[in-house]
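The structure displayed is predicted, hence computed values, not measured ones. Residues take their numbers from the sequence shown, with the count starting at 1.
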Amino acid sequence: MTYRIPSPPPSLEELAKRQQNVVTASQLRARGVPARVITEHCRRGGPWRRVLPRVYLLQVEEPTPEQRMWAALLYAAQNGREEGRREGAVITGTAALALYGFAAVPRLPAVTGVDVLVPRQRRLKDVGEVRILRTERELVARSVHGLACAPVARAVADALCEWTAGGMAPAPVRAVLREAVTRPEGRCTVRELAAELAESGLTAEPRVRAALDELLAAERESVLDRLGALVDEWLLPVPLAGPELRMRGGTYIAVPDLYWPERGVAVEVDSDLRCVSEGEAAWVRGGQHRMEYLGIRVVYVSGARLAADPEAVGGELREAFREGGTDVVELLLA
């Protein structure tokens, strides 16, 4: 059996450098600094100062914006263990977006409050400019300038919740959502963003829903454009776009994205991207089930698969067109 000798913890100097001069009481004690020394060093005139409960700044000067972020994170992550580990907390909301470098939100120096997300069972109180948010979901962290931040989609949702509760948005909602999915680095997918906004109940907010609908429509339009090029490349006939399918007696069936009436073949592209609410999702699924029940061949295409393997998607479309489905409908263009 092989035994690994644990590496010694970093010295106070190394830790202070890593955490931009912000440390916790437990980290100081673990390095042999007694409580009375901490108290003495934080008296008027320094050389240290207490910035939050059990969180200290190893300098007498005012904290920088980045040091304020470190203090908030370390305050929320304290668990009494060596190193004051940060697994139990992530910065989210406007502060996280500022750290990510979002152009649509105020720069970091202008961000006064810091939202920190922690597991629901943690016993913590808001203090100073730090606001504690709780979640039952597993925390996921992204390292931004060494700080643990929530993923972009979650940070955007928490920021919008904050702005909605405050009655005023410091940045245009549409611009923030657009930047979240178009940033060259540190972005999220439209699907991830839509899921987080729905989870937070923000899709009931008219401004948020309108901005999200624009993104969803643009994403689906882009995928449909790529799919149209693929249809041409595979020498398939031009399908109808978005026809309303009804039984010959007039009973409504569905509105597929593409349809070849001569072969009874429909194509559904990223249908979940038009289903923000469960009611809409049920409506779309109902149409898909009716098409399949009536014998219409339904091909489901995702934008991710189309981008990753267009040859496979093209082959699937050609095979579906060759085999065909059942012609049981008349078309009434919507």
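A single hydrophobic cluster is not seen to contain both Leu294 and Val267; linkage of ILVMFWY side chains at heavy-atom distances under 4.5 Å, directly or through other members, places them apart. A continuous path of hydrophobic side-chain contacts links Leu230 to Val269 [ILVMFWY only; heavy atoms under 4.5 Å]. Cluster membership for Leu108 and Trp163, using ILVMFWY side-chain heavy atoms within less than 4.5 angstrom, is shared. Under a hydrophobic clustering in which Ile, Leu, Val, Met, Phe, Trp and Tyr are joined whenever their side-chain heavy atoms come within less than 4.5 Å, directly or via other members, Leu317 and Trp234 fall into the same cluster. Both Val22 and Val127 are part of a single hydrophobic cluster, where members link through side-chain heavy atoms under 4.5 Å apart.
The list of salt bridge (Lys or Arg N to Asp or Glu O under 4.0 Å) pairs with a residue in residues 172-185, not counting sequence neighbours, reads Arg174-Glu214, Glu179-Arg183. Pairs passing the side-chain hydrogen bond (donor to acceptor under 3.5 Å, both in side chains) check and including a residue from residues 37-50, sequence neighbours excluded, read Arg49-Glu62. Sorted by first and then second residue, the salt bridge (Lys or Arg N to Asp or Glu O under 4.0 Å) pairs involving residues 99-109 (not counting sequence neighbours) form an empty list. Counting only residues at least two apart or on different chains, the side-chain hydrogen bond (donor to acceptor under 3.5 Å, both in side chains) pairs with a member in residues 143-161 are Thr92-Asp158, Arg154-Asp158.
Ion pair Arg297/Glu319 not flagged as a salt bridge, since none of the NZ, NE, NH1 or NH2 atoms sits closer than 4.0 Å to an Asp/Glu carboxylate oxygen.
A distance of 8.5 Å separates CG in Leu216 from CG in Leu193, rounded to the nearest 0.5 Å. Of the inter-residue distances, the one linking Leu74 atom CG with Leu147 atom CG reads 8.5 Å to the nearest 0.5 angstrom. Distance check: Glu292 CD to Gln288 CD gives 7.0 Å after rounding to the nearest 0.5 Å. Atoms OG1 and CD, on Thr203 and Glu196 in that order, are 12.0 Å from each other to the nearest 0.5 Å. We find the CG-CZ distance between Leu236 and Arg263 to be 11.0 Å, quoted to the nearest 0.5 Å.
Arg305 is linked by a salt bridge (charged side-chain N to carboxylate O under 4.0 Å, His left out) to Glu316, counting only residues two or more places apart in sequence or in another chain. Every residue meeting the salt bridge (charged side-chain N to carboxylate O under 4.0 Å, His left out) condition with Glu136, not counting sequence neighbours, appears here in chain and number order: Arg120. By the salt bridge (charged side-chain N to carboxylate O under 4.0 Å, His left out) test, Glu66 pairs with no residue at all, sequence neighbours left out. The side chain to side chain contact (heavy atoms under 4.5 Å, CB included) check on Ala16 picks up Asn21, Leu58, with sequence neighbours excluded. Scanning for side chain to side chain contact (heavy atoms under 4.5 Å, CB included) contacts around Glu192 gives Ala153, Cys188, Thr189, with sequence neighbours left out. In this view, Gln121 and Pro119 satisfy the side chain to side chain contact (heavy atoms under 4.5 Å, CB included) rule, not counting sequence neighbours. With sequence neighbours excluded, the residues forming a salt bridge (charged side-chain N to carboxylate O under 4.0 Å, His left out) with Arg131 are Asp115, listed by chain and number.
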message: Let's go through Leu227 and Asp257 carefully: what are the C-alpha distance in whole Å and the side-chain angles of both, what is the deciding distance for side chain to side chain contact (heavy atoms under 4.5 Å, CB included) to 0.1 Å, and is it a yes or a no?
response: CA-CA 11 Å; Leu227 187 60; Asp257 290 307; over 6 Å; no
query: Step by step, would you call Val181 with Arg187 a side chain to side chain contact (heavy atoms under 4.5 Å, CB included)?
result: CA-CA 5 Å; Val181 300; Arg187 63 177 180 172; 5.9 Å; no
task: Determine, step by step, whether Val176 and Val173 satisfy the side chain to side chain contact (heavy atoms under 4.5 Å, CB included) criterion, reporting the C-alpha distance in whole Å, the side-chain angles of both residues, the deciding distance to 0.1 Å, and the verdict.
output: CA-CA 5 Å; Val176 172; Val173 171; 5.9 Å; no
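Classified by interplanar angle (parallel below 30°, tilted 30° to 60°, perpendicular above 60°), the ring pair Trp260/Phe321 is perpendicular.
Residue Arg134 qualifies as enclosed at atom CZ: its count of foreign heavy atoms under 6.0 Å is above 12.
The minimum heavy-atom distance linking Val298 with Met291 is given by the pair CG2-CB, 3.8 Å. Nearest heavy-atom pair, Gly242 versus Val255, reported as atom, atom and distance to 0.1 Å: O-CG1, 3.6 Å. Between Ser200 and Ala157, the shortest heavy-atom contact is OG-CB, 3.6 Å. The minimum heavy-atom distance between Ala159 and Leu97, with the atom names listed, is CB-CD1, 3.9 Å. The two residues Arg122 and Ala77 have their closest heavy-atom pair at NH2-C, 3.9 Å. Here the shortest heavy-atom pairing between Ala211 and Leu177 reads CB-CD1, 3.6 Å.
A side-chain donor-acceptor contact under 3.5 Å links Thr164 to the backbone of Leu160. In this structure, the side chain of Arg54 does not engage the main chain of Tyr75 through any donor-acceptor pair within 3.5 Å. Although no hydrogens or angles enter the test, the distance criterion places a donor-acceptor pair under 3.5 Å between the side chain of Gln67 and the main chain of Gln20. Distance alone, capped at 3.5 Å, places no donor-acceptor pair between the Glu205 side chain and the Leu202 backbone.
In the hydrophobic clustering, where aliphatic and aromatic side chains (Ile, Leu, Val, Met, Phe, Trp, Tyr) are joined below 4.5 Å either directly or transitively, Val111 stands alone.
Side-chain contact between Val238 and Val231 is absent, with no heavy-atom pair separated by less than 4.5 Å. For the pair Met69/Leu73, no side-chain contact is recorded, criterion being any heavy-atom separation below 4.5 Å from C-beta on. Side-chain contact between Cys149 and Ile91: present, with at least one pair of heavy atoms (C-beta onward) separated by less than 4.5 Å. In this structure, Val152 and Val156 have side chains that are in contact, with non-hydrogen atoms separated by less than 4.5 Å. Contact of the Gln27 side chain with the Arg31 side chain is registered, since non-hydrogen atoms from C-beta on lie closer than 4.5 Å.
Tested against Asp270 for a salt bridge (Lys or Arg N to Asp or Glu O under 4.0 Å), the candidates Arg226, Arg220, Arg191 yield a single pass: Arg191.
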